Amino acid sequence: MLKLKYSRYNHLVKIPDEEAFVLVNFRTGALIRLSPLQKAVFDQATELPAAAKAIKRLRQGGFLVDYDELRHMRTQMLTAGGSGRALGLTICPTLACNFRCPYCFEQARSGRMSQEVQDSIVAFAQTNMEKFALNRLTVTWFGGEPLLCPDIIESLSARLMEVCQKLGAGYEAGIFTNGWFLTEENLALLERRKVNTIQLTLDGASPETNDHLRREAGGGSSFTRIMENIKKMRPYAGTSAPNVVMRYNMNRENAPYFGELAAKIDAVARETGVNITAYPAKMDSSMENPQHIRESALSIDEYGDLASPRSVKNVRNPVNFRRLYCKAQYIHGYAIDEVGDMYKCLELVGRKEYVMGNVRNFSLFKEPGEGIENMDRFFETIFPEEDKECMSCKAFPLCLGGCPRKRVAGERGCMSLKSDLDGYTLARYRKIGSKSYNG
Ligand code: SF4
Ligand code: SF4
């Protein structure tokens with residue numbers, strides 16, 4: 001007889017002020033509302049005949065299983081790391097930056113990407129897309145500040161778009177920019193070169209609360225200028241409007257102002273039609289940061305309390321099991337700096353100790369060169385089997401063991417939801433009802 005057991009990722013919460021419960025499965029995303037009678041059936045479910053209608057539905061939702069879920073996730077996650085048909089390139093035309101943010105751990109240096117490195121990137125994209133039959137190229141412009149080199153974005157984009165056209169492949173792009181150089185001319189360039197996702201950062205809700213954290217080298221008010229620049233996106237609101245995301249690096253000092261900034265951003269979105277939303281990210285508290293930044297870092301629980309109402313609001317449904325944490329774990333994902341050095345994670349750009357090769361001669365087919373273990377270490381993070389806490393954590397299907405860069409550095413990047421699974425479940429229920437149960 002088939003032996004069913006409860007999924008390790010079921011989570012049951014009593015709905016406040018109602019005689020009912022929400023049952024969610026974090027692996028499948030299935031979510032149902034249970035009356036007290038249905039809960040009583042659920043409590044007995046492993047004793048009931050597998051052919052019963054209610055049991056079949058619970059199996060379809062993944063609430064009851066007859067297999068090892070962790071083992072199955074491992075198969076899916078490892079497969080995801082090596083499959084997929086897109087080439088993801090994060091390209092840094094320069095590591096120079098006109099900002100001096102006190103928490104930034106990027107390795108700023110002067111210099112621009114040479115023509116030779118640009119040629120190598122085009123050749124690398126073409127060779128890899130052909131050899132692996134990839135049908136899409138996704139480019140992320142990163143730095144330093146990439147808009148210090150708009151000419152490189154223009155010409156390299158044009159060449160990469162041409163490669164895609166020749167191969168019949170899709171092309172899309174995004175940019176991480178501090179926003180200072182979002183002039184009308186550069187916005188037109190981004191639109192022309194299919195840069196349809198723009199990530200900006202503000203860390204306060206006014207010049208007084210933002211500018212000491214987002215510090216422009218020349219002393220200008222980054223808050224004032226960036227808010228003005230966002231309004232310049234108005235001509236692009238419409239069918240080709242970019243998705244603009246405003247990141248807010250939150251610590252104890254600036255946490256009280258996030259709501260105010262989010263309201264200002266929402267007002268600009270309404271007024272201009274620009275597709276922009278603000279979200280809070282936990283400000284990094286690594287040892288490389290100055291002491292005052294480390295001291296104002298939020299703990300994971302504090303961050304969870306402050307951030308989760310908004311992050312839950314932004315959750316798209318259903319929350320079906322993701323298979324990779326980020327593109328650093330994907331075989332065809334690379335970050336390339338201005339001298340052609342390659343990394344798995346964009347946050348490590350410029351750090352010699354994490355270089356895995358150079359785009360001039362890197363190939364997955366050749367005998368590994370110096371630094372290749374930096375690639376291997378990232379693949380080992382895909383399914384962190386040796387981490388007992390992750391293996392027994394109910395949030396694992398949502399979190400997948402956290403940021404691979406942190407794991408490679410010997411840390412664990414727990415997601416804030418871990419500390420409030422009840423709140424997360426109820427917020428999802430209120431947002432989407434029980435419709436995500438496909439059973
Ligand atoms: S490894 Fe971490 S820091 Fe790097 S891209 Fe992935 S999530 Fe971001
Ligand atoms: S990193 Fe933390 S939240 Fe994520 S699965 Fe591991 S223990 Fe859970």
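Predicted model, so just to flag it, every value in this text is computed and none were measured. Atoms within a ligand are numbered from 1 in the order they appear, just like the ligands themselves.
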Within ligand 2, which atoms have a heavy atom of Cys399 less than 4.0 Å away?
1 (S), 3 (S), 4 (Fe), 5 (S)

Would you find more than 12 non-hydrogen atoms of other residues, nucleotides or ligands less than 6.0 Å from Gln165 atom CD?
no

How far is atom 7 (S) of ligand 1 from its nearest protein heavy atom, and which residue and atom is that?
Tyr325 CE2, 3.5 Å

Proximal atoms of ligand 2 relative to Phe396 (non-hydrogen, under 4.0 Å)
5 (S)

What protein heavy atom is closest to atom 5 (S) of ligand 1, reported as residue, atom name and distance in Å?
Leu346 CD2, 3.4 Å

Between Asn358 and Asp341, a side-chain donor and acceptor under 3.5 Å:
yes

Glu172 and salt bridge (Lys or Arg N to Asp or Glu O under 4.0 Å): which single residue from Arg136, Arg193, Lys194 fits?
Arg136

Closest protein heavy atom to atom 6 (Fe) of ligand 1, given as residue, atom name and distance to 0.1 Å
Cys326 SG, 2.2 Å

Assess the pair Tyr354 and Tyr343: is the distance between their ring centroids shorter than 6.0 Å?
no

Is the charged tip of Lys344 near the ring of Tyr334: under 6.0 Å from the six-membered ring centre and within 45° of its axis?
yes

Closest approach of any protein heavy atom to atom 1 (S) of ligand 1, naming residue and atom
Arg405 N, 3.3 Å

Proximal atoms of ligand 2 relative to Cys393 (non-hydrogen, under 4.0 Å)
3 (S), 5 (S), 7 (S), 8 (Fe)

Taking the inter-plane angle between the rings of Phe26 and Tyr424 on a 0 to 90° scale, is it parallel (under 30°), tilted (30 to 60°) or perpendicular (over 60°)?
tilted

Looking at atom 4 (Fe) of ligand 1, is there an N, O or S atom belonging to Cys345 that lies under 2.8 Å away from it?
yes

Within Cys403, is some N, O or S atom less than 2.8 Å away from atom 2 (Fe) of ligand 1?
yes

Rounded to the nearest 0.5 Å, what's the gap from SG on Cys92 to CG on Asp337? Could you check?
6.5 Å

Could you find the nearest protein heavy atom to atom 2 (Fe) of ligand 2 and give me its residue, atom name and distance?
Cys414 SG, 2.3 Å

Can you tell me if Thr140 and Lys327 form a side-chain donor-acceptor pair at under 3.5 Å?
yes

Which atoms of ligand 2 are found less than 4.0 Å from any heavy atom of Arg412?
1 (S), 2 (Fe), 6 (Fe), 7 (S)

Quick one: look up the protein heavy atom nearest atom 3 (S) of ligand 2 and list residue, atom name and how far away it is.
Lys418 CD, 3.4 Å

